[in-house]
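Numbering starts at 1 and runs along the sequence shown. Each ligand, and each atom within it, is numbered from 1 in the order the structure gives.
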Amino acid sequence: MVGKIYGTGSCVPSRVMDNNDMAKIVETSDEWIRERTGIERRHIIEDETTSYMAGQAALRAVEQSGIDPAEIDMVIVATSSSETIFPCAACEVQKTVGAVHAAAYDLNAACTGFVLAFNSAQAYISAGIYRTILVVGAESMSNMIDWTDRGTCILFGDGAGAVLLRAEEGTPVCMAAHSDGIKGEALTQLSRHRKGWEQEENKESCMHMDGQAVFKFAVRKVPEIIEEVLEKADAKLEDIDYFVLHQANRRIIEAVAKRLKTDLAKFPMNLEEYANTSAATVPILLDEINRKGMLQRGQKLMLAGFGAGLTWAACLFEW
Ligand code: ACO
């Protein structure tokens, strides 16, 4: 059995900060940010929280699926920025959608989180343990960044995306995942959360990133893992309809497409609107292309996530 996507959903805060707004906070410019990253705007929380956005995205996925929430066996939320450590965000989502029979837990693998959660859900389904699983990626990155560090604060946004999987007969999902803890220093975040993005104290608890190290890691490891998954699946690059990659930086995605000698048109992007929402980028993009009518049953999709840890993961499945 494989987990077919029956519904997708997303939720982003209504407050928008464009690059010119960022230039009022740190010494930067719209031109610099667009040229180096492709980002134009990001959505930033006001009263919203990670678990609120996760719940709203999940409600939309459940609604689109037409599945009774009582049939959901498991809820997994990929996040590293929930407003509470416990109860976990997944239990909040369970409550919001009325998944009264589900087991629920959070998974933290930074920007790779959603793809790992999706792979975990597929493993439960293919093993016959569960039939219906809600997988969510949700983040409030604005609570974690140092708003005085122009090297990082311009890169991130907040939001959530969700997919509802239901077991069906079908082509097996093929997956791979890797980690390299030795290189973990490239991207770190202490667990002491700050209260709000305006507060500038406790800088040591904010995210620290070696941008160039992360960039080099991503452009090398993402093509490698895509090729690894293709080989496992006995598939070819040309078979893939869309590569849905973590939306960190347009230049990373362009470099991956170039290394794979694949048309950039097969790499949908929305980072210009939402920036890097960490574990939420892949499900937000999936929801967007789904609701635009770009996806048809039988098409082959490759998901790939990469980020802190270092961690990276990919999977190939039929829509
Ligand atoms: N505005 C203007 N100038 C800036 C800014 C900014 N926002 N940020 C840095 N600069 C300056 C630097 O101070 C530096 O100035 P200097 O030459 O006078 O010292 C100059 O620009 C070049 O800095 P670099 O860090 O070398 O710039 P680079 O081209 O590497 O771009 C960036 C930085 C965009 C962060 C890039 O390294 C990158 O995208 N890395 C990938 C990291 C990433 O996407 N992380 C997301 C989290 S992890 C994940 O999701 C995988």
Side-chain angles (χ1 to χ4, degrees), residues 17-42 78-81 108-116 137-159 161 177-181 183-189 206-226 243-256 259 267 269-272 274-285 303-314:
M17 283 180 80
D18 67 17
N19 291 345
N20 291 319
D21 295 323
M22 298 303 293
K24 292 177 196 147
I25 298 172
V26 288
E27 203 184 322
T28 189
S29 66
D30 177 47
E31 192 191 358
W32 193 97
I33 301 172
R34 277 177 199 246
E35 198 180 295
R36 303 284 179 123
T37 70
I39 295 163
E40 296 172 18
R41 286 173 292 281
R42 69 284 293 142
T79 185
S80 44
S81 57
N108 172 6
C111 306
T112 316
F114 178 81
V115 180
L116 278 172
E139 303 280 14
S140 301
M141 299 307 289
S142 61
N143 280 346
M144 301 169 82
I145 47 187
D146 176 356
W147 284 85
T148 65
D149 175 12
R150 66 178 182 174
T152 51
C153 72
I154 54 127
L155 297 173
F156 295 94
D158 303 328
H178 300 283
S179 305
D180 184 359
K183 301 213 176 83
E185 286 293 310
L187 190 45
T188 59
Q189 166 79 51
C206 295
M207 179 189 303
H208 288 279
M209 181 181 75
D210 178 344
Q212 291 192 3
V214 174
F215 194 96
K216 283 181 197 150
F217 146 72
V219 300
R220 199 172 68 246
K221 291 300 180 187
V222 175
E224 264 179 36
I225 199 168
I226 287 174
F243 297 83
V244 180
L245 265 49
H246 170 48
Q247 304 284 295
N249 183 318
R250 185 180 174 87
R251 287 191 299 141
I252 292 177
I253 297 173
E254 285 171 349
V256 170
R259 283 201 183 199
F267 291 74
M269 282 184 246
N270 62 4
L271 56 82
E272 67 283 358
Y274 306 113
N276 181 348
T277 56
S278 191
T281 64
V282 170
I284 291 174
L285 183 55
L303 307 185
F306 51 93
L310 299 172
T311 53
W312 60 109

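- Using a 4.0 Å cut-off between heavy atoms, Phe306 contacts ligand 1 through both its backbone and its side chain.
- Ligand 1 has at least one atom lying under 4.0 Å from a heavy atom of Gly151.
- The existence of a salt bridge linking Arg41 and Glu272 is excluded, since no basic side-chain nitrogen approaches an acidic carboxylate oxygen closer than 4.0 Å.
- For Ser29, no nitrogen or oxygen atom sits less than 3.5 Å from a nitrogen or oxygen atom of ligand 1, counting backbone and side chain alike.
- The proximity of Asn276 to ligand 1, defined as any non-hydrogen pair under 4.0 Å, is limited to the side chain.
- Contact annotation for Thr28 and ligand 1: heavy atoms of both the backbone and the side chain come within less than 4.0 Å of the ligand.
- The N/O atoms of Thr37, backbone and side chain alike, include none that comes under 3.5 Å of an N/O atom in ligand 1.
- Looking only at protein heavy atoms, the nearest one to atom 44 (O) of ligand 1 is Ala248 CB, 3.6 Å.
- For Trp32 (side chain) and Glu27 (main-chain N/O), no donor-acceptor pair under 3.5 Å exists by modelled atom type.
- Here atom 24 (P) of ligand 1 lies nearest to Gln212 when heavy atoms of Arg250, Gln212, Met22 are compared.
- Residue-level proximity to ligand 1 for Ile33 is absent, since no heavy atom of it falls below 4.0 angstrom.
- Between atom 50 (O) of ligand 1 and the options Met207, Arg36, His246, the minimum heavy-atom separation is to His246.
- In this structure, atom 45 (N) of ligand 1 lies nearest to the protein heavy atom Met209 SD, 3.1 Å.
- With salt bridges taken as basic N to acidic carboxylate O contacts below 4.0 Å, one links Glu224 and Lys221.
- Nearest protein neighbour of atom 7 (N) of ligand 1, counting heavy atoms only, is Arg150 O, 3.0 Å.
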